[in-house]
Each structure stands twice: as C-alpha cells, then as structure tokens.
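I have placed the structure first, in the form of structure tokens, so that the comments after it can refer back to it.
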Amino acid sequence: MTILASGTAAPSPAPSEPAFGALLRGWREQRHITQLELALRAGSSARHVSFVETGRSRPSEEMVLRLAEHLEVPVRERNALLLAAGYAPHYPETPLDDPSMEALREGVERLIHAYEPYPALVVDARYDVVAANRGITMLLEGVPERLLAPPLNAMRLTLHPEGLAPRIRNLREWRDHLLTQMGRQIALRRSEVLRALYDEVAAYPVPDRIGSEPAGPVAHFALPMRIEHDGRVLSFISSISTFNTPMDVTVAELAVETFLPADPATAKYLQKHGELRWRQSFPVVPMRRTSERATLLAYRDA
C-alpha cells in the first residue's frame, strides 16, 4: 500500500481576524438557525446570544465550544472561534508522522490494505492524498509523471485533461458529482484554499472524446465511476468515511474513500488480475515517517 506522510495543513488564509460575534452570526445564518433556536440548543438565552453577536457580552470558553458544537462548526474553525473570543485553541493539529499518531497510521494502513484488491485512498481537507492502496496505484498506470508529483491532489488528478478524465466514460456526470461535493465542503468550511481549487478544476476543459459505451443491464444503486483500464471498462461506486468525534484538527479533516465494484465483471477482474499485477509492479511500502510530502510515483515504481 502507499502511505504519504503529510505536513501540517495550512489554515485557510484570511485578510483580517473578524470579531467573534460576526463569526458566530455568520455560522448561525449559514445553518439557518435563529438566535432563539441556538440558545435553546446550547442551554442559553436568546438575549445572551444576541449580546454575544453584537459584542456586548463576552462568552466563556465553555460557551464558545458549546455554540460551535450545536452549529456543527468544523474543528479547525472552532479554534478560530476561540481565538476570536480571546481564548487559546482547544484542538491540536498534529502531523501525521508524529509518534503520537502511530495508532492512527497503523489503523489506516490495515484498513486500506484490507480493502484490496479494490481501490481505497485517504485525503485531507484540501483533497491532497495522504494514503492510497495498490488498487489506486493500479488505476494510475499511464498518468504523466508530473501529475503524480507531490502534493498529489485527488481532484486535480481526476479532472485534469491529462489525468484520469479522458478515461472516465461518464465524465460529465462524475465531474458534476465531484464539483457538487467540493461545493458542499466550501460551504461547510468557508475555505479559500478549497475555493481556489474548485475554480481551478472547474475550468479544466472536458476532453472532446468521452466514451459512449452504455452502462449495461446492471441497475446501479448510486452513480458509478466508469473508467477505462487495460482495455476494459471498470465500474465503481464511491463511499466516503470520516472519524467520529475527532479531538485533533488533522484527524477531523481526514476522509477515507473506498471504491466498491459496481458490477460483477469489475469485481472478477480485480480479484483475478490484481494480485498478479501487484507482484510485478506495486510492492507494499510502509508509511514514510517524514514531514515532507512524498510522490506517489516513487512508490508506484519502487
């Protein structure tokens, strides 16, 4: 499997530090919650929430965390709320290669390795790949080396006209799905980094040739990604998992994406040919214990 060590993710840039009240009001309005509703959920009063938003009252550290929890504010942004209110950040941001993350690293390794021969990868909040198994590296055969240079970004790699995009038979539908997913994350996190990435990949030209092979008689229960590989078309359903109740920014922003075969032919091909191909080209490589981002190409050709 491939594990790419990742440095600490940079927080979203901001031109200035807004007051806590303005930040709180912004999150509340984004969630379409009234002051009264928020107060009832947080065990406070509408008057107090109003005073906090207008700067007439300073909330306690406990109240900041309680309000953030009931507004479902992402962990990184909860730290920003605390700083704006005059408190120290509550959630650490530990690099993945830190010794304290050993249990997490080993767990991720076991998880994505156990999913083989099917593809699985782990991305951070910027969709940079921090881990991938050999099912993923198999699909990357033929991708130009420059697109595999660090940091490897899943969205760029998928939608770039020289990446996987020309091979995806239902590219228009899959592209719409990915852009919608990114749009939801931008709304949730208010990330300028994600906004810039969205603008970049949305501007990529759609290749003129997009396969027109029919999906076949299989009734799909979710939108599949149909991708050409080694002279055949493989079909996958994507599933994304995150960690429950994370207490660290790094962990909170990790997402595990697995690709389940969407038809019997895909499953049969991977089970029959995957192990043989990996013995020839894709050795198992342990996690890099370095703060530098590694290139997937180095692992692929190891």
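Within the structure, salt bridge (charged side-chain N to carboxylate O under 4.0 Å, His left out) pairs that include any residue of residues 36-61 comprise R28-E53 (at least two apart or interchain). For the salt bridge (charged side-chain N to carboxylate O under 4.0 Å, His left out) condition, no pair includes a residue of residues 237-252, sequence neighbours left out. Applying the ring-ring contact (aromatic ring centres under 6.0 Å, His included) test to residues at least two apart or on different chains, none of the pairs has a partner in residues 79-107. Among residues at least two apart or in separate chains, there is no ring-ring contact (aromatic ring centres under 6.0 Å, His included) pair with a member in residues 30-86.
In this structure, R134 CZ and T137 OG1 are separated by 8.0 Å, a value rounded to the nearest 0.5 Å. The CG atom of L104 sits 9.0 Å away from atom OG1 of T250, with the distance rounded to the nearest 0.5 Å. Interatomic distance, L157 CG to L152 CG, rounded to the nearest 0.5 Å: 5.5 Å. I227 contributes atom CD1, which lies 4.5 Å from atom CG of L164 (distance to the nearest 0.5 angstrom).
Contact check for N153 versus V201: no side-chain heavy atoms found under the 4.5 Å cut-off. Looking at heavy atoms from C-beta onward, L71 lies out of side-chain contact with Q30 at the 4.5 angstrom threshold. A heavy-atom distance below 4.5 Å is found between the side chains of L178 and M155. Contact annotation: the side chain of H113 never approaches that of N133 to less than 4.5 Å [non-hydrogen atoms, C-beta and beyond].
With R189 as the partner, the side-chain contact (heavy atoms from CB on, under 4.5 Å) test is satisfied by one option alone out of E253, R195, R76: E253.
If you chain together hydrophobic residues whose side chains sit under 4.5 Å apart, L147 and L140 fall into the same group. The hydrophobic clustering, which links ILVMFWY residues whose side-chain heavy atoms are closer than 4.5 Å, places Y198 and Y127 together. L67 is not connected to L36 by any chain of hydrophobic side-chain contacts under 4.5 Å among Ile, Leu, Val, Met, Phe, Trp and Tyr, and they are in different clusters. One hydrophobic cluster holds both V75 and M247 under the rule that ILVMFWY side chains link at heavy-atom gaps under 4.5 Å. When the side chains of ILVMFWY residues are joined at heavy-atom separations under 4.5 Å, either directly or via intervening members, V143 and I136 end up in a single hydrophobic cluster.
Taking the salt bridge (Lys or Arg N to Asp or Glu O under 4.0 Å) definition, one finds that E72 meets it with nothing, sequence neighbours left out. Applying the side-chain hydrogen bond (donor to acceptor under 3.5 Å, both in side chains) rule to E69 yields no partners; only residues at least two apart in sequence or on another chain are considered. Scored by the side-chain hydrogen bond (donor to acceptor under 3.5 Å, both in side chains) test, S44 finds no partners at all (sequence neighbours excluded). Partners of E173 under the side-chain hydrogen bond (donor to acceptor under 3.5 Å, both in side chains) rule, at least two apart in sequence or in another chain, do not exist in this structure. Scanning for ring pair (Phe, Tyr, Trp, His ring centres under 6.0 Å) contacts around Y204 gives H160, with sequence neighbours left out. Every residue was checked against the salt bridge (Lys or Arg N to Asp or Glu O under 4.0 Å) condition with R175, not counting sequence neighbours, and none meets it. For S100, the side-chain hydrogen bond (donor to acceptor under 3.5 Å, both in side chains) criterion is met by D98, not counting sequence neighbours. With sequence neighbours excluded, no residue forms a ring pair (Phe, Tyr, Trp, His ring centres under 6.0 Å) with W27.
The minimum heavy-atom distance between M138 and L270, with the atom names listed, is CE-CD2, 3.2 Å. Of all heavy-atom pairs between A46 and A39, the closest is N-CB, 3.4 Å. Between I237 and A262, the shortest heavy-atom distance links the atoms CG1-CB, 3.7 Å. For L83 against P89, the heavy-atom pair with the smallest separation is CD2-CD, 3.7 Å. Heavy atoms only, all atoms of each residue included: S238 and F259 are closest at CB-CE2, 4.0 Å. When all heavy atoms of V73 and R78 are compared, the closest pair comes out as O-NE, 2.6 Å.
Relative orientation of the H229 and Y269 rings is perpendicular, given thresholds of 30° and 60° on the angle between their planes. Classification of the Y115-Y118 ring pair by plane angle, with boundaries at 30° and 60°, yields perpendicular.
Panel note: side chain T266, backbone S235; a donor-acceptor pair is recorded below 3.5 Å.
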